[in-house]
2 protein chains.
Amino acid sequence: MNTTLQDQVGGSKVDASWVVPFAAGRAADKNLLGGKGANLCEMTYIGLPVPPGFIVTTEACRAYLAEGDVPEGLLDEVMASLRELERDAGLRLGDPTAPLLVSVRSGAPFSMPGMMDTVLNLGAMPATVPGLIDLTGDARHAWDSVRRFAEMFGKVVLGMDEEVYTHQLREAVAAAGVANERELDAEQLADLANGHLAATARAGAQIPDDPHEQLRMAVEAVFRSWNGSRARAYRRVEGIPDDLGTAVNVQVMVAGNLGEDSATGVAFTRDPATGEPAPYGDWLQGAQGEDVVAGTRATEPLHTLRETFPDAATELEEHLHTLEQHYRDLCDIEFTVERGKLWMLQTRVGKRSATAALRMAVDMVDEGLIDQDEAVRRMRPEQLEALLHPRFADTVRDPLTTGLAASPGAAVGHIALTADSAVARAATGRPVLLVRPETSPDDLEGMVASQGLLTSRGGLVSHAAVVARGFGIPAVCGAADVVIDAKAGTVTIGDTVLHDDEMCSIDGSSGMVVAGEMELVPADDDPRLERLLLWADERRVLGVRANADTADDARRARVGGAEGIGLCRTEHQFLGERLPLVQRVILSEGEAEETDALVDLEARQRQDFIDLLTEMDGLPVTVRLLDPPLHEFLPDLDELLVAEARGELDAQGEKLLAAAQTHREHDPMMGTRGIRLGVLRPALYRTQVRALVAAVADRRRAGGDPRVEIMFPLISTEAELIWAVKLVRDEAAEAEVSLATMIETPRAALLAGDLAVHVDAFSFGTNDLTQMTFGLSRDDVAGRLMPRELELGLLPADPFRTLDAVVVGELVRNATAQGRAANPRLTVGICGEHGGDPDSIKLAHAYGLDYVSCSAARLPVARLAAAHAALEVTGPADSA
Amino acid sequence: MNTTLQDQVGGSKVDASWVVPFAAGRAADKNLLGGKGANLCEMTYIGLPVPPGFIVTTEACRAYLAEGDVPEGLLDEVMASLRELERDAGLRLGDPTAPLLVSVRSGAPFSMPGMMDTVLNLGAMPATVPGLIDLTGDARHAWDSVRRFAEMFGKVVLGMDEEVYTHQLREAVAAAGVANERELDAEQLADLANGHLAATARAGAQIPDDPHEQLRMAVEAVFRSWNGSRARAYRRVEGIPDDLGTAVNVQVMVAGNLGEDSATGVAFTRDPATGEPAPYGDWLQGAQGEDVVAGTRATEPLHTLRETFPDAATELEEHLHTLEQHYRDLCDIEFTVERGKLWMLQTRVGKRSATAALRMAVDMVDEGLIDQDEAVRRMRPEQLEALLHPRFADTVRDPLTTGLAASPGAAVGHIALTADSAVARAATGRPVLLVRPETSPDDLEGMVASQGLLTSRGGLVSHAAVVARGFGIPAVCGAADVVIDAKAGTVTIGDTVLHDDEMCSIDGSSGMVVAGEMELVPADDDPRLERLLLWADERRVLGVRANADTADDARRARVGGAEGIGLCRTEHQFLGERLPLVQRVILSEGEAEETDALVDLEARQRQDFIDLLTEMDGLPVTVRLLDPPLHEFLPDLDELLVAEARGELDAQGEKLLAAAQTHREHDPMMGTRGIRLGVLRPALYRTQVRALVAAVADRRRAGGDPRVEIMFPLISTEAELIWAVKLVRDEAAEAEVSLATMIETPRAALLAGDLAVHVDAFSFGTNDLTQMTFGLSRDDVAGRLMPRELELGLLPADPFRTLDAVVVGELVRNATAQGRAANPRLTVGICGEHGGDPDSIKLAHAYGLDYVSCSAARLPVARLAAAHAALEVTGPADSA
């Protein structure tokens, strides 16, 4: 977990001990005192009004759990600390005339909300009721405290069934003829409290009369709750170690429910949703903390506190300011007003929305609270991403279904079931959501015309997903529950039937599909973002380039801060209106026909490259030669077969069918693609190189500064690379282009030293390298297998999202080292999806790579993540 | 290359020198003297009648090539040796009255037949004709010698165009009105010889009058021919180093064409085709060696030599016996009878057929000529394989087409275009050749009923190929030129149209397809084979197990000498009549239906395992849990789609279509298969384990000794393996079964140390490991890409045939070392195709693996190859 300011506000004050009074600790002692306790100490230290108390340390807990018994000396220290509390308060635990009540709360080093146990009102027993009434003048409150204590102690410490108490409560409420327990009077509450005590005793689980014994038992119960099943499960999910233990906070009770002059609330030092620099919160008159949190009573906004409690409100405002200046971060507090007196019950660094995180990080620099390093640290890359895309204004509780989050952002539109209808409807100015089983190059125009895409098949590297991310169109893919009947014009999801042209909403960041028109929040355009990213740029070591295939992509990439193009996939220039040209090449018979077909393609590609290089003038551009299997440029074989069976195929269709059959492969990912295409159709590769060389010459004549690198895909032997280098050198002089090879087969990674001497650069294709190293096809396993493997813990994380550091990462590290040893001038980068993933970017930084390359849309995330890597930020910044 | 007996028959006699007389060398000096020269020395040494001569060494050649000139002292040594020849013969080179003729022949350390130059009859000039006539009394022969010398010297030494001489020859034959040059008389030959000399002079390429100068020039010409383009190309193909150089043999000419009392012939010490222990050969009366070899005149069988030349025949027989006793191997010689006197002109270790190799290796042990080590060494594993299958009796020159050699052996049958018609025709007792685009599990019955298979699609691991090898049915797969029109009932290959039921022949060892009915030679059943293999078994270190899926397979494997089953692919038990059961499991909805469907399957599998374990009682049996993607058990999706489009699908068909669509994958090789099937359908795996455990119990009750190991396929993470181990241990106790994991993903290979602690054994699935390490789909690239990559030298060899020692082999070696370091009791083997490949078996031996496992059909090859590895045999045994 990250070191937050919470840890930095004060140096440790304590030596290890079983018990630490609030006045003796500091925030930095979190591991020993727990998060809650350390912050109570810190507030005490800076003079805020904290009800007094002490902390039984995590060390005591660890000793207890190890020995199975309270460690020696602990009880003596607890009792000594208790005596100090009693002396300061002028009250005594169990004293019938001046009784002290304390809370006994868990508090671990990392927040585990609600996962462990708490006992409140310890000291409230029938014997102390007279004293309580003397102190507060409130008999109802006194008996309610006894009732609550009896129930909590019974449940938490003695392991009683909660139903015993709730049954009695229901009966009492019914017998009194009232709506709920708040309407029970003191006498009825006394009966109920005595009933709880008697029922507990009947079950053989006597609550001891001695409150010191109660305290001992309560502390032990909190210790034990560290190993409760819920707590263990939570820690497993959150990655919190099992050997930390919890501290126990013993604190004088204060009451917000002592009538009209008492209150309870929660507050933030700034608005956690918007980042607006003014206190924000809720409060309730005559209520306890749990009433505010539970939402059973309507709370008031914080600014109204002044109307009822002007002094407390002024004091609270001062305390909030003090806290934020002290912690130099957003603070989240609980407070109680007891008979007009303000008490601060808890504080922690506050969670915040992405919008607020950005605004506060930059504002606090301007306010002089934090430096730019810290501002960069404060913004998590994952949070940043949320800012970059439209999102649903409201939380979705029950989506129709959830598919793969294939391209981020939310979208709303009229359902279109064909690309043609999407184009037609978009032309009338209506927003369109294209819903298809899967997409093919034929659908491109319809995809671009749509606000969003939804497919029922295909994974995160399916055509739909790749194109959507490339064009920045939100997309949910592989939503297997979505059944599309194009003939009937319906989309059936579970029991819901949506019709063609009906409104539907998707969220490509979460994969959710929602019927109807969700309200959208547009992408943020806060100018603070660019300031933060420039600070990030000054700090990062890794270069950040973009994957961009066209001049439009390149323009977006440059605007997004790309320092070059790390991957230009020339195949993407072959789609859309170029498709017939490419098909002509594929269908060509004999060299003459092929050459003829290639002439057209060469001219168009030359212009593509000129446009691209114009946009990226002066920056490096890595152009990969054609990579995908040829069948990807042909219509879907299934559809052709069906059309033929129905007798609907014309002569050209028959030709395409024959070609699709010829080029079909069982495992195209490992088939005739990449450099192998070049080996089988060298004319295709030569054409690409010639087009590029001509473009470079054109740009130079125009006074430009084109910096081109030609990259070979899917190399697996040194001889292949030598062959490819010769092919390029036959067409291009040394000066015109530099050369790179993809490292995307395990064999290439393991042979890196031999390959490095032939090229100027390596680019790790970590998608394919992951697929081949695991023998795991990303698309095929995305829908059912990957979730199941993750659920069973058979994979540590989705290796296609975050680089597998254990093996694939080591291949990258070793190949980089061997490559550089053989060729010290080698440039090394990562292209592909991992290049935009924060955790993978940290690995790339650790491996000493030169750059990462990602889609233009993820550039801000990559720039920030690279800065985090350089600043050694190791986890989320807002954990409490 | 291998050290043959040829190298061992005598220790080296010579110190390095430019020139070595025949009497001064031995066979072991092959590198210095060349193969031909060393053997001439050896024959001289053992007292055989060799025409005297001397050798200019390879060292002299290397010096000449390095310096570009004749090294100092060489000519002096040549002239000194020549003078000795002259003295012994009582003749002198160029002497008009008693002229000596010599041959000047190349002779490299490795046989390069016809690749380098030779000059015969050196010393035959017009000036020496009178002396030649004096010596032989044959004017015609004298002038013919001059004519031949002029032509050869002109061509070889002076670089004249051959056409100059052949033109003169044609004119002389025409002018004389005879049929060919043999009918020209002495006068005509004299004119022709003088014509050759004049034409050479006219071209400015004078033949020097001084025969010593001729000799010097001829020696240099032979030296230079080492670097001729043909010789270089030959060495590249054969892998012979370029820096060896050639020796030059200068030898007194003897003539087999001096009339009725002369002859020439070739002989083997035994029959090289059958191995029968009696001399074998051909001869021609009054002829030269080239006449025998060229086949222009009909030769006589060797045994008839005695009728004309009784003394020479007896002497030859003695010499052949001497040679074989001396070389302790089959010898191949050339001989000449000159005026009744026998001369031995050349010997070398003879090439032999597979049948002969086996017979001779074993016979020579029985005769005490060689020991068992040597007998094992003598049989090449590749040769052995040819013995195991039927083969074409005649050499095929022009096959209709050549596909992939998918399952060895030749087959002849009536073409059947469907599995059903194959079954029907086979039932009438007719041999059937099943010809299909590709096969699916539906075709199984038809495949088994056929003599052979021919498919137009699919590679070496296609369904057809795998099943064919499993059942030992010859198959040619992926023959892309074969166009099958089932409706028309035709098979079109190029211009040839074969009809349904017509006869056709295939050779699954070479991939050839031949129209009509080829004559077949059945597989050998020579009992010597088993003797040789037992000798091999005593020598090998590697264990040899079999891949066997059924009790029938297991029986064949045990007969074939398997020491266990290294791989039982349980999926093969799911084919044929079981298919509907498996499909029921796949189609089942919900757990209850699945469980129900599995009950049937479990019972049948239990019986399968009982039968298998009965056959393999006492030997280890490694059973792999279900591996292939589920769609392999469903009908072909294309066919279902087409049937649906035509409205031909019933309800069950629709269900199968839906399932086929659900289970379709883009890259099934890396999709939901192996352990991932188990993760998604654990009930399927549990069923298999239960069936196996029950079978083990059943066998134990019956007093058997079942030794079962359960193996997990496609593991790529340690957590997967732990999960799988737990699944088995939930069903089976430690004692019942041991556990193994496949190492077939690069990730598993790189994590071997972590995996080894959880299992008892590793089995390398080198097919998949190769596919994933190269990112190369074996099936998809077999047809077009692989041949092209091999042709361009982009792959060193087909990595699916012979393990890639550079990377995949290193993965195997390192994983083995790491696995054993982590678990010293780990057993390590290879299953899959490489387990039956001799070169890969040598690697497995070198890596220290415990065993290889291969198909039953390849067991003899594997046993022999493993022995070769142990005996460190490094190359083919019959090279000369």
Begin with the C-alpha distance, continue with both residues' side-chain angles, and end with the deciding distance and a verdict on side-chain contact (heavy atoms from CB on, under 4.5 Å) for B:I484 and B:S456. CA-CA 8 Å; B:I484 301 163; B:S456 57; 4.0 Å; yes
Max heavy-atom pairs within cutoff under 4.5 Å with chain B, candidates A:A643, A:P746, A:G674, A:A719, goes to A:P746
Identify which part of A:L785 has an atom lying under 4.5 Å from any heavy atom of chain B, answering side chain, backbone, both or neither. both
Just by distance, do the side chain of B:E720 and the backbone of B:S716 share a donor-acceptor pair under 3.5 Å? yes
Specify which of B:G775, B:A480, B:A748 makes the most heavy-atom pairs with chain A at under 4.5 Å. B:G775
A:E665 side chain to A:H631 side chain, donor-acceptor N/O pair below 3.5 angstrom: no
Over 12 foreign heavy atoms within 6.0 Å of CZ, A:R801: no
Pick one of side chain, backbone, both or neither for B:L751, based on which atoms fall under 4.5 Å of a heavy atom in chain A. side chain
I'd like to know which of A:R788, A:R646, A:E789 tops the heavy-atom pair count under 4.5 Å against chain B. A:E789
Expected output: side-chain B:Y685 to main-chain B:L727 donor-acceptor under 3.5 Å: no
Check whether A:L776 gets within reach of chain B through its side chain, its backbone, both or neither, counting any heavy atom under 4.5 Å. both
Residue among A:D768, A:I715, A:T773 with most heavy-atom pairs under 4.5 Å to chain B: A:T773
Within residues 803-813 of chain A, the residues sitting under 4.5 Å from chain B by heavy atom, in sequence order, are A:D804, A:V806, A:V807, A:L811
Of all heavy-atom pairs linking A:R673 and A:P668, the shortest is CD-O, 3.4 Å
Run A:N767 and A:R778 through side-chain contact (heavy atoms from CB on, under 4.5 Å) and show every step you take. CA-CA 8 Å; A:N767 290 351; A:R778 177 173 179 164; 3.6 Å; yes
Which one wins on heavy-atom pair count under 4.5 Å against chain A: B:I722, B:L795, B:L637, B:V642? B:V642
Name the option with the most non-hydrogen atom pairs under 4.5 Å to chain B; the candidates are A:P629, A:S777, A:G793. A:S777
Partner chain B: residue of A:V781, A:V679, A:T672, A:L750 with the largest heavy-atom pair count (under 4.5 Å): A:V679
With a 6.0 Å cut-off (strictly less than), is the heavy-atom count around CD of A:E591, excluding the residue itself, greater than 12? no
Is A:L641 close to chain B through its backbone or its side chain, or both, or neither, when contacts mean heavy atoms under 4.5 Å? both
Could you have a look at B:L680, B:I675, B:D754, B:T717 and say which one has the most heavy-atom pairs with chain A under 4.5 angstrom? B:L680
Exercise: identify the closest heavy-atom pair between B:D667 and A:M669: OD1-N, 2.7 Å
For B:M742 against B:C831, the heavy-atom pair lying closest together: CE-SG, 3.8 Å
Let's go through B:M786 and B:F800 carefully: what are the C-alpha distance in whole Å and the side-chain angles of both, what is the deciding distance for side-chain contact (heavy atoms from CB on, under 4.5 Å) to 0.1 Å, and is it a yes or a no? CA-CA 10 Å; B:M786 183 67 78; B:F800 297 111; 3.7 Å; yes
Report yes if some heavy atom in the side chain of B:D638 is under 4.5 Å from a heavy atom in the side chain of A:R664; otherwise report no. yes
